[in-house]
Q: 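First the structure, which I've put down as structure tokens, then a few questions once you've had a look.
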Amino acid sequence: MVYFHEILIFSKFIPRGSTIIDASVKHPGNDSGLQVLTAMTPSNNLVSVILNKEDYQVTSYLQIGKSSNERYAIKVPPRSIATVVFNPN
């Protein structure tokens with residue numbers, strides 16, 4: 001079931017013309033229970049929308065691109081959607 005709030009987040013932060021890029025959530029030792037969608041916007045911002053369906057906070061790492069050595073520590077509250085905007089400029 002898709003909720004209005006979730007659609008609003010995607011349409012607000014990932015505008016038309018954005019390109020979806022490879023990203024993953026890495027959790028030491030096991031599956032983090034997080035889902036992620038990352039896009040490059042027309043204004044060259046990287047936007048990651050992260051969904052936590054678990055009933056507890058998840059601490060993990062966001063990795064953008066398969067060959068990237070850059071990881072970003074993230075904490076996502078229980079049963080929530082977090083949006084992270086990276087502005088490389």
Q: Is any side-chain heavy atom of Y72 less than 4.5 Å from a side-chain heavy atom of S48?
A: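 Side chain of Y72 against side chain of S48, heavy atoms only: no contact under 4.5 Å found.
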
Q: Applying salt bridge (Lys or Arg N to Asp or Glu O under 4.0 Å) as the test, list every pair that has at least one member in residues 77-88; sequence neighbours left out.
A: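 Listed once each, the pairs are D55-R79.
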
Q: Check the pair T38 / V47 against side chain to side chain contact (heavy atoms under 4.5 Å, CB included), numbers first and verdict last.
A: CA-CA 5 Å; T38 299; V47 177; over 6 Å; no

Q: Any side-chain hydrogen bond (donor to acceptor under 3.5 Å, both in side chains) involving residues 12-21? Give me the pairs, sequence neighbours left out, ordered by first then second residue.
A: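 Matches after skipping sequence neighbours: none remain.
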
Q: To the nearest 0.5 Å, tell me how far S24 OG sits from Q35 CD.
A: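 Answer for the OG-CD pair, S24 versus Q35, is 13.0 Å.
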
Q: Got L37 and I20 here, is their nearest side-chain heavy-atom distance under 4.5 Å?
A: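 Yes. Closest side-chain heavy atoms under 4.5 Å.
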
Q: Kindly determine whether V49 and I14 satisfy side chain to side chain contact (heavy atoms under 4.5 Å, CB included), including the steps that lead there.
A: CA-CA 9 Å; V49 179; I14 303 177; 4.0 Å; yes

Q: Given V76, which of L51, N52, L62 fulfils the side-chain contact (heavy atoms from CB on, under 4.5 Å) condition?
A: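 Between V76 and the candidates, side-chain contact (heavy atoms from CB on, under 4.5 Å) is satisfied uniquely by N52.
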
Q: Does any part of the side chain of I64, heavy atoms only, come nearer than 4.5 Å to the side chain of I21, both counted from C-beta?
A: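 Counting from C-beta outward, I21 and I64 do come under 4.5 Å.
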
Q: Please name the residue in the list V25, I74, V84 that meets the side-chain contact (heavy atoms from CB on, under 4.5 Å) test with V36.
A: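 With V36 as partner, side-chain contact (heavy atoms from CB on, under 4.5 Å) holds for just one option, V25.
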
Q: Identify the two heavy atoms, one from V85 and one from F13, that lie closest to each other, and give their separation to 0.1 Å.
A: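 Taking V85 first and F13 second, the nearest heavy atoms are CG2-CD2, 4.0 Å.
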
